[in-house]
Amino acid sequence: MMEAFEILTTASLWAAVLRIATPLIFGVLGALICERAGVLNLGIEGIMTMGAMVGWLTVYWGGDLWTGLAMAVLAGMVMGWVHAMLTVPLGLSQHVSGLGITLLASALSYYLYRLWVEVGDLPPTIEPFLPWAVPFLSDIPFVGEVLFTQTPPTYVALMLVGVVAWMLARTPMGLALRMTGENPHAVEAQGLNPVRIRIWAVMVGSGIMALGGAFLTTAAFNSFFPGMVQGRGWICIALVVFASWRPGKALIGALLFALFDAFQLRLQTVVEGVPYQLFLMAPYVLSIVALILVARRARVPEALMQPYRRGER
Amino acid sequence: MNAGAVLELEGITKRFGALVANDDVTLSLQKGEVLALLGENGAGKTTLMNILFGHYAADAGEVRVEGKPLPSGKPRAAIAAGVGMVHQHFTLAGNLTVLENIVIGSESLWKLGMDREGAERKIRALSVQFGLPVDPAARIGDLSVGERQRVEILKALYRDARILILDEPTAVLARPEAEQLFTILRGMAQGGLSIIFISHKLHEVMGASDRVVVLRGGKVVAERATGQTNAAELAELMVGRAVARPKRAAHEVGAPVVVAEGLSVSSGGGMALDRVRFEVRAGEILGIVGVSGNGQAMLGRVLSGLARPDAGTITFDGRDISRITPREAVGLGIGRVPEDRHAEGVVGDLAVWENAVLERLRDFARWGFVRRRAAEAHAAGLIARFDIRGAGPATRTRLLSGGNMQKLILGRNLAAGPRFLLANQPTRGLDEGAIAAVHQELLMARAEGAAILLISEDLDEAVGLSDRLQAISKGRLSEPIAAEAVDARRLGLMMAGVWETRDAV
Ligand SMILES: Nc1ncnc2c1ncn2[C@@H]1O[C@H](COP(=O)(O)OP(=O)(O)OP(=O)(O)O)[C@@H](O)[C@H]1O
Ligand SMILES: [Mg+2]
């Protein structure tokens with residue numbers, strides 16, 4: 001028991017929490033932007049896979065790491081565009097389209113990877129992002145090690161939380177986006193085009209999701225392999241509900257999940273006689289419990305998943 | 001074509017499939033004028049206004065504001081030209097604040113910040129100038145319908161509207177609120193605003209407009225200066241024939257069918273119903289009058305089996321029904337006409353025949369399969385018997401006009417010959433012709449011995465139909481009085497919660 005507690009006081013655990021949380025933060029922010037505009041994007045799992053593959057491949061082919069991230073965003077936006085076209089102007093089922101995008105984007109990623117990359121016994125690797133210690137700030141004991149010796153994409157993710165929160169709450173665009181998720185008819189009656197707003201929201205949201213995938217191959221690991229997104233997209237969908245569609249709470253949710261995950265990994269080494277599968281399960285079980293406790297009070301965007309068609313009554 | 005007109009519609013035609021909703025409509029509006037647009041349900045009034053505002057693109061015709069043509073199908077252009085619209089169904093986001101609902105669309109989407117203080121100042125100034133008090137920080141979902149209506153008007157004024165269109169602004173307002181609204185609108189017109197409003201209530205049209213345009217079947221059939229016409233003529237122009245609301249004939253009432261005793265329901269900290277007692281007898285209409293929001297909705301919910309009372313009993317033929325489910329209510333022969341026909345009356349995306357049999361699916365099913373032929377025949381029967389226009393059994397119910405949707409709901413209930421019928425605001429939003437038809441049906445059910453509980457905000461309707469009346473105020477119900485014994489003053493007092501019990505019946 002003491003040992004378990006001691007783990008919680010180590011800076012390395014908390015640094016790992018931020019690292020594990022980074023792809024989730026990107027994913028949950030992306031999903032949140034889509035849903036705030038009224039579109040559920042179950043393409044997230046595939047879009048993250050796509051981002052992972054495209055980001056890695058760009059670097060493998062000689063691009064620099066930042067170009068890799070940019071290409072991942074672009075690929076995500078393309079997939080988002082397909083989802084948006086199917087669900088917004090055509091008004092098809094968002095569930096079906098989203099799952100279709102996940103299947104399409106994942107399969108396409110694996111296919112192109114096999115097509116373009118020679119794979120030997122081990123998958124080829126790239127030089128990934130290295131931790132970058134922020135001058136001065138990283139010298140602060142404990143906090144410095146946790147917060148300011150991360151890889152650059154983690155800093156981007158943390159800043160993005162603030163940017164998205166501010167955008168949603170403070171800017172005319174954020175207001176238009178939220179209103180589109182609440183009542184697209186009201187948006188149109190005020191002279192804006194809810195269809196266009198939804199399409200853009202889905203594209204931008206998908207681009208951000210793809211960054212989450214790209215983080216895996218350009219910072220957390222240095223190679224791409226099938227199945228590496230490992231359900232993180234689905235976790236993000238649940239985290240959006242956990243967060244009541246708010247960016248700040250989404251950050252907390254992502255960190256909480258990452259904490260469970262980092263903690264169970266370390267617990268496995270100190271607690272003996274318990275099957276390790278139970279530990280692996282723990283973050284998911286705890287997430288479900290947290291979701292049950294929190295989500296009952298969540299306020300869903302009223303027009304979420306409701307197609308909007310012009311000139312129809 | 002018309003000197004001084006701020007707004008001209010010329011030759012507007014709009015088709016939905018085979019249906020011609022607007023047929024070569026031409027109309028103009030002068031500066032500072034209040035124009036009333038009148039017509040039956042489905043006459044094409046909303047469609048015309050939606051074209052003017054750019055929600056729909058017309059198939060033919062042109063809209064000109066101050067002489068300049070408006071591009072079709074662009075609300076943004078209409079707003080920029082100074083047109084503001086208050087829609088028949090509110091276009092507000094319930095989870096957002098008043099301020100957010102008002103300012104959206106007024107600023108460039110690419111600005112990095114919003115001027116909330118400036119917006120709030122402007123809203124407050126408009127509130128004071130036009131007498132439309134609202135709290136900019138309040139959440140729309142927490143406001144009453146009257147307050148939401150004000151927000152809708154402020155939305156238009158915030159964008160500097162010079163032409164204001166109001167599509168049935170008073171359909172959900174109680175009479176005092178409606179009168180207040182028209183006072184405000186008259187003030188606006190004197191201040192130079194030009195106004196078009198749509199209403200089915202002829203006294204409002206007579207009282208508030210300068211000119212009346214009547215639409216029937218998508219065509220302009222008449223245009224009158226308000227001073228040179230009267231309500232009876234307008235009603236006739238609208239429907240194409242003379243309409244008169246049917247009169248209640250005196251007849252014997254039977255034994256009590258539904259009796260409520262000490263009925264209480266608490267909700268949200270207060271009492272929605274507070275020790276309510278009433279009885280409805282066979283062959284009688286009991287009218288419950290009152291300003292909406294005083295417990296009518298909860299009374300309707302309890303009687304339909306959608307809410308449970310905390311205390312008290314309701315009996316139906318002596319049997320306790322205070323805890324029944326909606327299905328049991330149907331089984332017992334209790335008919336219900338819900339307050340909100342779109343939300344609770346019909347499933348808009350299903351066909352008319354599906355809605356016609358949904359309540360009693362068991363009667364139209366065999367071995368778990370729907371007997372579609374029988375169900376469609378049943379629906380066709382309802383359509384013929386209750387004169388539901390513009391519909392076949394296969395029509396999507398959403399496409400029916402309000403009046404015809406209401407006839408479908410009534411017909412579905414009355415066809416089964418109910419012992420008890422709950423009619424909650426049965427004629428809200430309906431035109432004179434449809435109101436007369438609904439009244440006729442209710443009186444016929446009464447003549448056949450049904451016990452009817454009529455909840456209505458429309459005093460003329462309640463007094464005209466009911467044998468006895470009770471007023472509801474803050475969840476409490478007055479003692480009943482005979483319809484013959486009422487006068488306007490006494491009813492007004494009763495609705496304000498002041499009642500004495502001297503001639504209770
Ligand atoms: N989007 C649409 N698609 C198909 N038909 C429509 C559509 N909108 C309106 N209609 C039909 O056009 C006709 C005119 O409808 P409209 O809503 O303009 O009537 P209205 O005069 O406003 O009636 P009410 O008094 O009930 O509001 C109706 O028959 C209606 O069913
Ligand atoms: Mg209408």
Side-chain angles (χ1 to χ4, degrees), chain A residues 33 35-38 89 91 93 162-201 203-204 244-246 297-313, chain B residues 14 16 46-47 50-51 53-57 73-81 83-97 99-116 119 139-141 151-152 155-156 158-159 342 348 396 398-401:
Chain A
I33 289 173
E35 290 185 29
R36 264 310 188 60
S93 157
V163 171
V164 172
W166 175 79
M167 192 275 294
L168 283 176
R170 304 262 153 194
T171 66
M173 191 184 291
L175 175 57
L177 187 106
R178 285 186 287 138
M179 183 85 87
T180 307
E182 295 285 344
N183 184 355
H185 299 276
V187 174
E188 176 171 313
Q190 294 286 84
L192 299 174
N193 184 345
V195 171
R196 199 142 74 200
I197 292 170
R198 280 191 169 175
I199 292 174
W200 274 107
M203 287 176 65
V204 170
S244 288
W245 290 268
R246 287 171 199 283
R297 278 180 283 122
R299 195 187 272 161
V300 192
E302 259 172 46
L304 180 60
M305 292 187 281
Q306 284 175 15
Y308 172 76
R309 293 193 191 86
R310 259 200 106 199
E312 198 161 277
R313 66 147 142 211
Chain B
K14 175 74 183 173
F16 294 111
T46 298
T47 305
N50 278 339
I51 288 169
F53 193 65
H55 280 309
Y56 297 167
K74 289 208 169 59
R76 191 179 189 81
I79 293 171
V83 181
M85 178 147 165
V86 174
H87 294 77
Q88 184 166 5
H89 301 289
F90 290 160
T91 50
L92 296 169
N95 285 332
L96 304 186
T97 64
L99 182 127
E100 289 174 324
N101 271 280
I102 292 177
V103 301
I104 180 181
S106 64
E107 290 180 274
S108 158
L109 288 188
W110 301 102
K111 273 175 61 177
L112 290 183
M114 275 193 306
D115 179 14
R116 276 182 192 259
R139 205 178 70 94
I140 295 288
V151 177
E152 285 280 12
K155 261 166 68 174
Y158 188 84
R159 307 292 287 273
H342 297 277
R396 221 162 41 116
R398 187 182 295 286
L399 298 179
L400 295 187
S401 75

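In what follows, chains carry the letters A, B, and so on, assigned in the order in which the sequence lines appear, proteins first and then strands, with residues in each chain numbered from 1.
- Rounding to the nearest 0.5 angstrom, the gap separating the CD1 atom in B:Ile104 from the CD atom in A:Glu182 is 11.0 Å.
- One finds the NE2 atom of A:His185 at 9.5 Å from the NE2 atom of B:His55 (value rounded to the nearest 0.5 Å).
- Within the model, atoms CH2 of A:Trp200 and CG of B:Leu109 stand 12.5 Å from one another, a figure rounded to the nearest 0.5 Å.
- Taking both residues in full, the closest heavy atoms of A:Ala169 and B:Met114 are given as O-CE, 4.2 Å, listed atom of the first, atom of the second, then distance.
- Proximity to chain A is absent for every atom of B:His89, based on heavy atoms less than 4.5 angstrom apart.
- Looking at residues two or more places apart in sequence or on another chain, you find a side chain to side chain donor-acceptor pair (under 3.5 Å) between A:Arg178 and B:Glu100.
- Interatomic distance, CG of B:Leu112 versus CE of A:Met173, reported as 8.5 Å (0.5 Å rounding).
- With a 4.5 Å cut-off on non-hydrogen atoms, B:Ile79 touches chain A through its side chain but not through its backbone.
- Across every non-hydrogen atom of B:Asn95 and A:Val300, the tightest pair is ND2-O, 3.8 Å.
- The candidate from A:Leu192, A:Val187, A:Leu177, A:Asn193 with the greatest count of non-hydrogen atom pairs under 4.5 Å with chain B is A:Leu192.
- A:Arg170 is linked by a salt bridge (Lys or Arg N to Asp or Glu O under 4.0 Å) to nothing, counting only residues two or more places apart in sequence or in another chain.
- Side chain of A:Gln190 to main chain of B:Ile102: a donor-acceptor pair is present (N/O by atom type, distance under 3.5 Å, no hydrogens or angles).
- In terms of non-hydrogen atom pairs under 4.5 Å with chain B, the most contact-rich of A:Glu302, A:Met167, A:Arg299 is A:Arg299.
- Comparing B:Thr91, B:Asn101, B:Leu96 by heavy-atom pairs within less than 4.5 Å of chain A, the highest count is held by B:Thr91.
- In this structure, B:Glu107 contributes its side chain and A:Pro172 its backbone to no donor-acceptor pair below 3.5 Å.
- Interface summary for chain A: among B:Gly73, B:Ala77, B:Ala80, B:Ser106, the most heavy-atom pairs under 4.5 angstrom belong to B:Gly73.
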